[in-house]
> 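Take a look at this one; I'll ask things after.
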Amino acid sequence: MSKNAKTLAGIVIVIIVAIAAYFGFTHTGSKAASDKTIKDLKVYFVPSTQPDKIVTMTAPMKTLLKDELKKEGYDVKKVDIKVGTSYEAAGEALSSGTADIGFIPGGTYVMYQDGAKVLLTATRAALNKDSSDAAKWNDGKATELTSGQSSKYRSLFIAGPSAKGQALAKKVNAGEKLTWEDLNSAKWGLSSTTSSAGYIYPSLWLNKNYNKTVSNLKNTVTLDSYGSGMARLASGQIDVMPAYGDARVNFAKMWTTDYKQPKSIWEETNVIGVSQEIYNDTISVSKKSKVMTPEFEKALSKAFINLAKTKEGKKVIAVYSHEGYEPAKSSNYDGERAAQKLLKSSQK
């Protein structure tokens, strides 16, 4: 090849490299821009209260979340909100990637941790009662929310106005320890197997005190929500129902209106057992989501924390009695891991 030909070839190569670099740069820039645009963000909620109530109360989140993410540099075109038919359905949606974000309890997160990653732990108003002694919850006075915040709560085993429920409460309030026979002769309303307050931590409590789990209880019914559970408790269809610590606060009004009970929930129900502390619900994300990147996870965490500080945002997250969010650690939910290990071993 002549010297002129080599020079010409060199010039052509430089031009080609320059063109490639130019288009590569613009392509990368376009990709970066597209990474900041999300066509559809799918959010799942668990049916811990009436699904239609969740749908109504969370509807404003579609706009609120888009606005907060826009402040973080993300253009979300659509936020799609669904309520899972069960806790497991929400966990499955995260595991499969059909849901990007899930408002799920710690137990559900642990059950589906292979496909889900915890981002945030909810904070709730602390209660004016927090004793591990069941009788101390039974002064006939309303449990009240305080101005303080807490990332933990307890499961309370609530005995209803049925004859059996009242008999159990009488023993507890007299300072007597309930026997396994006492508990096993009652009819229990249990939540989903991944519900921390409604199933998992009651199993830990039973194991600690009686070397049993909820799977050993002979009279149980599965509840589709705490709302339906409270209705059954009020009517005497069940005698005992494990629920989150401030459940009676949330259902106090419905107790005498919707459930038509003659006396207040504080007069007609008693606590007969109290679990160890439980970390609050999570906001978890799908490990298989096509839109979930480390950068977006950071932006999403900040967006939810800021959303919860707004007046409109507080109204939305009140559906779960959430008042704010803080960064979560996977290790916070080791209690659920221990409980689920116990449940698996008891089922063998």
Side-chain angles (χ1 to χ4, degrees), residues 46-51 84-91 104-108 110-111 134 153-172 177-245 247-248 251 255 259 265 268-276 278 335-336 338-348:
V46 294
S48 60
T49 188
Q50 294 91 332
T85 54
S86 65
Y87 288 45
E88 290 83 359
I104 59 176
T108 309
V110 169
M111 179 77 73
Y153 67 107
R154 296 180 187 274
S155 171
L156 303 182
F157 310 158
I158 303 169
S162 67
K164 185 63 179 181
Q166 292 295 299
L168 295 175
K170 185 177 181 180
K171 287 190 71 172
V172 169
K177 179 177 172 58
L178 295 175
T179 66
W180 170 247
E181 289 70 27
D182 290 331
L183 298 173
N184 200 32
S185 60
K187 189 165 187 177
W188 289 65
L190 300 174
S191 298
S192 159
T193 55
T194 68
S195 169
S196 297
Y199 194 95
I200 294 173
Y201 277 79
S203 277
L204 277 181
W205 184 84
L206 288 171
N207 183 255
K208 179 181 178 181
N209 291 283
Y210 304 95
N211 198 30
K212 305 285 186 179
T213 70
V214 293
S215 63
N216 297 120
L217 293 167
K218 67 178 182 180
N219 298 312
T220 66
V221 295
T222 301
L223 308 174
D224 58 9
S225 72
Y226 284 117
S228 65
M230 282 292 182
R232 291 190 182 201
L233 193 70
S235 67
Q237 294 178 45
I238 57 176
D239 305 308
V240 182
M241 170 184 157
Y244 55 95
R248 291 189 297 173
F251 290 96
W255 190 263
Y259 308 151
I265 195 170
E268 293 194 335
T269 66
N270 287 270
V271 176
I272 62 168
V274 183
S275 81
Q276 67 190 69
I278 311 168
E336 273 81 2
Q340 291 187 19
K341 184 178 180 180
L342 169 66
L343 291 174
K344 287 180 181 178
S345 65
S346 68
Q347 292 167 358
K348 290 180 180 179

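Hydrogens, waters and symmetry mates play no part in the numbers below; they use all other heavy atoms, side chains included.
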> What residues, two or more places apart in sequence or in another chain, satisfy side chain to side chain donor-acceptor pair (under 3.5 Å) together with Tyr244?
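With sequence neighbours excluded, Tyr244 shows a side chain to side chain donor-acceptor pair (under 3.5 Å) to Asn250, given in chain and number order.
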
> Measuring from Met241:CE to Ser228:OG, what's the distance to the nearest 0.5 Å?
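Taking CE in Met241 and OG in Ser228, the distance rounds to 7.5 Å.
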
> Are side-chain heavy atoms of Asn270 and Gln166 found at a separation under 4.5 Å?
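Asn270 reaches Gln166 side chain to side chain.
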
> Which heavy atom of Pro105 sits nearest to which heavy atom of Tyr87, and what is that distance?
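The pair with the smallest heavy-atom distance is CG-CE2, 3.4 Å.
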
> Carefully, step by step, assess Val221 and Ile238 under the rule side-chain contact (heavy atoms from CB on, under 4.5 Å).
CA-CA 8 Å; Val221 295; Ile238 57 176; 3.5 Å; yes

> Nearest 0.5 angstrom please: Leu204 CG to Gln340 CD, how far?
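Going from CG on Leu204 over to CD on Gln340, the span is 10.0 Å.
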
> For the residue pair Ser203 and Thr213, what are the closest heavy atoms and their distance?
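Smallest heavy-atom distance, with atoms named: OG-CB, 3.8 Å.
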
> With rounding to the nearest 0.5 Å, note down the distance linking CD1 in Ile104 to CD in Glu88.
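It is 11.0 Å, given to the nearest 0.5 Å.
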
> Are any non-hydrogen side-chain atoms of Ile272 and Leu178 less than 4.5 angstrom apart?
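Heavy-atom side-chain distance check passes, below 4.5 Å.
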
> Is any side-chain heavy atom of Thr85 closer than 4.5 Å to a side-chain heavy atom of Pro47?
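Not touching, per the 4.5 Å side-chain cut-off.
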
> Atom CD of Gln237 and atom NZ of Lys187: how far apart are they, to the nearest 0.5 Å?
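It is 7.5 Å, given to the nearest 0.5 Å.
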
> Decide yes or no for Trp180 and Asn216: does some side-chain heavy atom of the first lie under 4.5 Å from some side-chain heavy atom of the second?
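Yes. Closest side-chain heavy atoms under 4.5 Å.
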
> Give the minimum heavy-atom separation between Thr193 and Ile200, together with the two atoms involved.
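Taking Thr193 first and Ile200 second, the nearest heavy atoms are O-CG1, 3.5 Å.
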
> Using side-chain contact (heavy atoms from CB on, under 4.5 Å), reason through Val274 and Leu156 one step at a time and then give a plain yes or no.
CA-CA 5 Å; Val274 183; Leu156 303 182; 4.0 Å; yes

> Does Thr269 reach the side chain of Trp255, with side-chain heavy atoms less than 4.5 Å apart?
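With C-beta onward as the side chain, the pair touches.
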
> Taking all non-hydrogen atoms of both residues into account, name the closest pair between Tyr226 and Gly198 and its distance.
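Taking Tyr226 first and Gly198 second, the nearest heavy atoms are OH-N, 3.3 Å.
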
> Working note: Glu336 + Thr108, criterion side-chain contact (heavy atoms from CB on, under 4.5 Å); need CA distance, chi angles, decisive distance, verdict.
CA-CA 9 Å; Glu336 273 81 2; Thr108 309; over 6 Å; no

> Fit a plane to each ring of Tyr259 and Phe251, take the angle between them on a 0 to 90° scale, and name the class: parallel (under 30°), tilted (30 to 60°) or perpendicular (over 60°).
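Ring orientation of Tyr259 relative to Phe251: parallel.
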
> Are the side chains of Asn184 and Leu217 in touch, meaning some heavy atoms are under 4.5 Å apart?
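The answer is yes; the side chains approach within 4.5 Å.
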
> For the backbone of Ala197 and the side chain of Ser155, can you confirm whether one donor and one acceptor N or O come within less than 3.5 Å of each other?
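Yes, the answer is positive, given that a donor and an acceptor are paired below the 3.5 Å cut-off.
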
> Is there a side-chain contact (heavy atoms from CB on, under 4.5 Å) between Leu183 and Lys212? Walk through the geometry before answering.
CA-CA 11 Å; Leu183 298 173; Lys212 305 285 186 179; over 6 Å; no

> If the condition is ring pair (Phe, Tyr, Trp, His ring centres under 6.0 Å), which residues does Trp188 pass it with, not counting sequence neighbours?
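Per chain and number, Trp188 pairs via ring pair (Phe, Tyr, Trp, His ring centres under 6.0 Å) with no residue.
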
> Tell me whether the guanidinium CZ or amine NZ of Lys208 lies under 6.0 angstrom from the six-membered ring centre of Tyr201 and within 45° of its axis.
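The answer is no; the distance or angle limit is not met.
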
> Which heavy-atom pair separates Lys171 from Lys177 by the least distance, and what is that distance?
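Residues Lys171 and Lys177, closest heavy atoms: NZ-O, 4.0 Å.
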
> Determine the minimum heavy-atom distance between Lys164 and Asp182, stating which atoms define it.
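Closest approach of Lys164 to Asp182, heavy atoms only: CE-O, 3.5 Å.
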
> Within this structure, what is the OG-CG distance for the pair Ser215 and Leu342, rounded to the nearest 0.5 Å?
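If we round to the nearest 0.5 Å, Ser215:OG and Leu342:CG are 8.5 Å apart.
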
